[in-house]
Amino acid sequence: MNPDLSWVLNDVLQVPGARHAILVSADGLLLASSSEIGRDDAETVAAAMSSMQSLSRAVAPFIGAQAPGRWRQTLLEYDHGWIFLIAAGTGAYLAAAAAADVDMEAMSFRMQQQVTALGKAMTTPPRQDAGIDV
């Protein structure tokens, strides 16, 4: 049974300019979403965010360091807004959309606060059996 994590997403949306937030498993499953986004759209975005974090990790050596370190956050900028993606425990990610004029520091800080406060509640272990007979 998954705990109701909507309160985490609602708190993230308290930042002026924040629009939507979702919680995603590493394999792209939607774990929770804010009320401002429809389920179908949230599931589509969840799958894309899973791919985005994977891509972000893959290009880490591009920063030029011997050991690029741990991935922390991915930001995507569009004409009318931002998408923030951060790790939210083992196997889980928190993604949020915001307006172009959002205070980026406040948004990142709020997301990190929620991830830190939740710890294990936001951790999703890898699935061992996807229900597929081989």
Handout entry: Sole residue of Leu94, Leu75, Thr74 in side-chain contact (heavy atoms from CB on, under 4.5 Å) with Ile86
Key = Leu94

Problem - Under 3.5 Å donor-acceptor, Ser34 side chain and Ala21 backbone - result: yes

Fill in the blank from the handout: Tested for side-chain contact (heavy atoms from CB on, under 4.5 Å) against Val12, the lone hit among Gln114, Gln113, His20 is Gln114

Handout entry: Residue pair Gln73 / Ser108, side-chain donor-acceptor N/O under 3.5 Å
Key = yes

Practice task
Find the distance between CH2 (Trp82) and CE (Met104) and round it off to the nearest 0.5 Å.
Solution key: 3.5 Å

Completion exercise
Interatomic distance, OG@Ser56 vs CZ@Phe62, rounded to 0.5 Å, equals 13.0 Å

Exercise for the section: Give, for atom CE of Met111 and atom OG1 of Thr116, the distance between the pair rounded to the nearest 0.5 Å. Expected result: 11.5 Å

Exercise for the section: State the CG-CG distance between Leu23 and Leu31, to the nearest 0.5 angstrom. Expected result: 4.5 Å

Practice task
Give the intermediate values and the outcome of side chain to side chain contact (heavy atoms under 4.5 Å, CB included) for residues Leu9 and Ile22.
Solution key: CA-CA 7 Å; Leu9 303 176; Ile22 62 170; 5.6 Å; no

Exercise for the section: Taking the side chain as every heavy atom from C-beta outward, state whether Val102 and Phe84 have any pair of such atoms under 4.5 Å apart. Expected result: yes

Completion exercise
Taken to the nearest 0.5 Å, the spacing of Ser51 OG from Asp27 CG works out to 11.0 Å

Practice task
Kindly indicate, with the supporting measurements, whether the criterion side chain to side chain contact (heavy atoms under 4.5 Å, CB included) is fulfilled by Tyr78 and Ile83.
Solution key: CA-CA 8 Å; Tyr78 297 88; Ile83 295 176; 3.8 Å; yes

Practice task
Report yes or no: do Leu30 and Leu85 belong to one cluster of Ile/Leu/Val/Met/Phe/Trp/Tyr joined by side chain heavy-atom distances under 4.5 Å?
Solution key: yes

Problem - Partner residues of Ser50 under the side-chain hydrogen bond (donor to acceptor under 3.5 Å, both in side chains) criterion, sequence neighbours left out - result: none

Practice task
Would you indicate whether Arg72, at its atom CZ, is surrounded by more than 12 heavy atoms from other residues, nucleotides or ligands within a distance under 6.0 Å?
Solution key: no

Exercise for the section: List for me each residue that meets salt bridge (Lys or Arg N to Asp or Glu O under 4.0 Å) alongside Asp11, sequence neighbours excluded, and say none if there are none. Expected result: Arg110

Handout entry: Closest non-hydrogen atom pair, Ala98 against Met107
Key = CB-CE, 4.4 Å

Handout entry: CG on Leu76 to CE on Met49, rounded to 0.5 Å
Key = 6.0 Å

Exercise for the section: Only pairs at least two apart or in different chains count here, so list each salt bridge (Lys or Arg N to Asp or Glu O under 4.0 Å) that has a residue in residues 30-52. Expected result: Arg39-Glu43

